[in-house]
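All values derive from a computational prediction rather than experimental measurement. Computed from heavy atoms alone, side chains included, the values below leave out hydrogens, waters and symmetry copies.
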Amino acid sequence: MLVGCVVLAAISMVLLPRDIAYDPWSWLIWGRQIAHLHLNTRLAATAVKPLPIFVTTILAPTGSLAPVLWLFIARAATLLSLALAFRLGRRFGGIGAGVIAAVGLAVSDEFLGYLFMAGMSEPMATAAVLAAVDNHVNSRRRWAFCALILAGLLRPEAWPFLILYSLWLAYPRLSRRGMVGVLVAIAVPSSWFVIDWFGARQFFRSAGAAKNQSQGGPLLSREPGLATIRETWHLMSAPVVVLFLAGLVSALIHWQRSGRRHPGPLVWFGAGAVGWLVVDAVLAQGRFATGAPRYLLPGVALACIVGGVFFADAVRGLLRVIPDSRVGIAVAVVACLGVAAWVAPRVIQTGHQVKTGISEGRTSARLVTSLHQAITLAGGRDAVIACGPIVTKNFQVPLLAWTLNVPLDTVGFVPTGHGIVIQDERSPRIVPALSPDYRYVGGVGPPDARWSVLSSCASDQ
């Protein structure tokens, strides 16, 4: 399964644009700085995440190949999350349940159109959580614990689950190995703050950055926690939400009627999905996280599994109840077609998102290529740095910092009285009208990926 995901990710690197998003550029910068024994996370809008930073540190010696390798790893992890959703759904409900679980996760908002295309880390966290569940149900407790550690190094929502699981492993006999596991689980959240201490001399720098919600969302509402819960409706397709709720209620009723002491797997999966949502809502309410919908993906994956298993069990129940096999099969087919028709609008929407992601990715990839020409037009890296404050558009700060090989706090997005502005010519543009010292140096690149350079040092070049 892992080999298949790696092969498909490699194919995607050939067929699809190779562009990464804002946060991965920041992690790549920090990985390169750590490799050179100098970390600077000051004034960054991106939160530190220990696992991505660890990976990018390993990739740092590859130089300009590091962004491509990161994107390859991220896409492989995204595909692995879909494969694991299918695997768990099939284990508890058959192939049909596995298909519904994988499709439900795939049609989550921007899962394939943005998160997969741009190499974001949330699908990685989803794969880690599902790997932990898969290993646990197969009685591989140590591997499950290791997978939860990876999840905890990617998302703070995983911290309570990791610590509780470590305590469960250590109970009832408190062995030395069990205590080591608990200490490791506690160390995982600490690593987030330690990185910021070394990079910015602030333990809560990332938490402060999370308070700046630049694209709208829960933090702009009066009750961010409730707004985060409402985001699930936009993130998940309506059929998945309905099937999950029906599946969770059905599993709870079955557990109560069975008289068993311990709940079944679907109850645990449902509790995990709800628990992940609650933790994320609490973090948003406390303004320790933005509550962005993509943070809920691991919980969404568990919900998709519950919904898929419930639907598969319901279809099999219909076949058993209806005495005439032909009528039963007809009813089952109609039920499957009904769910397919229900999900179809979301599938179409996902197709549009993928198309948009490909188009924007190609434009962004051309921007990355022509940026080097813009720096050359400005006189080269040394001339750009010597000119004064470096300014670009807000969402291009880490890209320009990576290309110039400077810390993130070296590049800003508000022009001062002098310096240099390097920006792409798409709207909106930065117009340093407050200072007459800026001169237009020129523009380079294709029409849809063109950079312009304005400099107060133009007369000296």
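Annotation for Arg141: atom CZ counts as buried by contact number, over 12 foreign heavy atoms lying within 6.0 Å. The environment of Phe54 atom CZ is sparse: at most 12 non-hydrogen atoms of other residues, nucleotides or ligands sit within 6.0 angstrom. For Phe413, the CZ atom sits in a loose shell: 12 or fewer heavy atoms of surrounding residues, nucleotides or ligands are nearer than 6.0 Å.
Atom NE2 of His418 is separated from atom OG of Ser455 by 10.0 Å, given to the nearest 0.5 angstrom. In this structure, Tyr22 OH and Leu399 CG are separated by 11.0 Å, a value rounded to the nearest 0.5 Å. Expressed to the nearest 0.5 Å, how far CG of Leu51 lies from CZ of Arg155 amounts to 13.0 Å. The distance from the CD atom of Gln202 to the OG1 atom of Thr41 is 7.5 Å, given to the nearest 0.5 Å. Atoms CH2 and CG, from Trp70 and Leu59 in turn, are 8.5 Å apart once rounded to the nearest 0.5 Å.
For His136 and Trp168, the gap between ring centers is short of 6.0 Å. Ring centers of Phe116 and Phe111: at least 6.0 Å apart, outside the cut-off.
Among Leu400, Val453, Val391, Leu454, the one residue that satisfies the side chain to side chain contact (heavy atoms under 4.5 Å, CB included) test with Gln423 is Leu454.
Remark: Asn405 pairs with Arg32, Arg381 by the side chain to side chain contact (heavy atoms under 4.5 Å, CB included) rule, at least two apart or across chains.
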